[in-house]
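Note that the structure is a prediction, hence the values are computed from the model and not measured.
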Amino acid sequence: MKRWRWLVGLLLGSLVIGLVGVTAPTPVVAKDLPHHKLYKAINATVGQLDDTSSSVMVQSLGGKYFEGPVKPGGGAVDAGGFIRLFVMAAVYHQVKKGKLGWRQTYTVDADNAVAGTGVLQNMDTGTTVMLKQLVKYMMTKDDDWATDILIQAMGGKKKTTKILDKMKFANTEVTTYIGDTDDTELGADNQTDASDVADALSRMYRGKLVSKKASKAMWKFLEKGTGPSALAAKLPSSATYDNIAHVNDDLGAVEEAAIIFNKHGKGVIVVAMSEGGDTDLEQGAFHSLGKKVYHAVLK
C-alpha cells in the first residue's frame, strides 16, 4: 500500500540574502511554474515509493501561492535535523520578546552530556558558552547537546512547541530531546512537514521570520551548515544550492530542504520528506525529483 502525500506550492517573496557564488536571483513568477510537469515529476519519483509517509513542496521565490491536492497517508513525519531550523527560529523569537538574551551563558558539565554529534561533548567541564554560540554549534556542527540546552532554555519541549505554534508552524512539534535515546526508542519523535519547512525558509528569505535582521543572521547559519544534497545530486555542474538534510536508516527516513539555483541565479525551494522505506530507494527518488524539478522550472 502506498502512503504518501505531496504538496506543490508557490509563495510571494524574493530572496533578500545572497548565496555564496550566486548572482542576484531572478524570482520565478507564477507563469514560469509548470504545474502539470511538477505533478508528473512528483508522481514519477517520490510518488512511487511504497509503504512510506511522504510529502513534497516546491515553492518559487516569487509568484502566487498554489497548493496541490493531498493524497491519503501524508502528514507530519519525523523532523530529524529539520527540528534545529525551528529551534533556531524559536530562540530568535524569544530573544526578540526579551525572554532570552544573547549574552546568557551555559556552563559545560560533562555529567550532563548527551549522546550524539557536536562539539560541546569535547569541551572541559566548567567551559562557559554563550547562547548565540549554542545556536552556532547547533546549526553548523549538528550539536545535539546544544539543541537540547536551547530547548530547555525556552522552558522545555511543550513550551517550545507552543512558541512554534504562535509563530504559525502548526505542524511542527517538539516531543523529545535530541539526546534522549529512551524517548526516541519509544517512538517520541519530533514532528514536522514539508509545508512548515518551506514556509520557514521562504519567510527567512523575505526577511519575515522574526525580523529582517534575525532572518539574515539565521540564513548565515544555514549557509555554513550546508552539506551533501540528494536533491542536487544530478543537477548540472553550473547549478548551486544551499540545503538542510537528514538521513535516519533506523526510521527509514530521508528529508531535505534545498534552495536550488541555475547559473543565472533563478531558483526555487524544494522540500522532500519520506519516512518508513528503504533510504537508498528514497535518496534515489530524491535524485530524480531534483533533476526533474530543475528541468521543469530552471532549465
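- With sequence neighbours left out, the side chain to side chain donor-acceptor pair (under 3.5 Å) criterion links Asp196 to Thr172.
- With sequence neighbours left out, Lys96 forms a side-chain contact (heavy atoms from CB on, under 4.5 Å) with Val210, Ser211.
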Would you mind writing out the side-chain donor-acceptor pairs for residues 126-140 within the sub-3.5 Å range, not counting sequence neighbours?
residue: Thr127; atom: OG1; partner: Asp124; partner atom: O; Å: 2.7
residue: Gln133; atom: OE1; partner: Met130; partner atom: N; Å: 2.8
residue: Thr140; atom: OG1; partner: Lys136; partner atom: O; Å: 2.6

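- No side-chain heavy atom of Thr147 sits less than 4.5 Å from a side-chain heavy atom of Trp145.
- Legend: residues meeting side-chain contact (heavy atoms from CB on, under 4.5 Å) with Lys37, ordered by chain and number and at least two apart, are Pro34, Ala296.
- Taking the side chain to side chain donor-acceptor pair (under 3.5 Å) definition, one finds that Asp142 meets it with nothing, sequence neighbours left out.
- With contacts defined as side-chain heavy-atom distances shorter than 4.5 Å, the pair Thr175/Lys158 does not qualify.
- Residues Val197 and Met57 form no side-chain contact, since every pair of their non-hydrogen atoms from C-beta on lies 4.5 Å or further apart.
- Partners of Ser229 under the side chain to side chain donor-acceptor pair (under 3.5 Å) rule, at least two apart in sequence or in another chain, are Glu256.
- Listed by chain and residue number, Phe86 satisfy the ring pair (Phe, Tyr, Trp, His ring centres under 6.0 Å) test with Phe169 (two or more places apart in sequence, or in another chain).
- Under the ring pair (Phe, Tyr, Trp, His ring centres under 6.0 Å) criterion, no residue pair touches residues 273-299, with sequence neighbours excluded.
- Among residues two or more places apart in sequence or in another chain, the salt bridge (Lys or Arg N to Asp or Glu O under 4.0 Å) test is passed with Asp148 by none.
- By the 4.5 Å heavy-atom criterion applied to side chains, Asp143 and Thr117 are not counted as neighbours.
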Please output the side-chain donor-acceptor pairs of residues 99-111 that fall under 3.5 Å, not counting sequence neighbours, one pair per line with the distance.
residue: Gln104; atom: OE1; partner: Gly101; partner atom: N; Å: 2.7
residue: Asp109; atom: OD1; partner: Asp111; partner atom: N; Å: 3.0

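- In this structure, Thr192 and Asn171 have side chains that are not in contact, with every pair of non-hydrogen atoms separated by 4.5 Å or more.
- Leu49 is not listed as a side-chain neighbour of Asp278, based on a closest heavy-atom distance of 4.5 Å or more.
- Under the 4.5 Å side-chain criterion, counting only non-hydrogen atoms from C-beta, Val270 is in contact with Ile260.
- Using a 4.5 Å heavy-atom threshold, the side chains of Lys299 and Asn262 count as separate.
- With sequence neighbours excluded, the residues forming a side chain to side chain donor-acceptor pair (under 3.5 Å) with Thr279 are Asp249, listed by chain and number.
- Listed by chain and number, the residues in a ring pair (Phe, Tyr, Trp, His ring centres under 6.0 Å) with Phe82 amount to none (sequence neighbours excluded).
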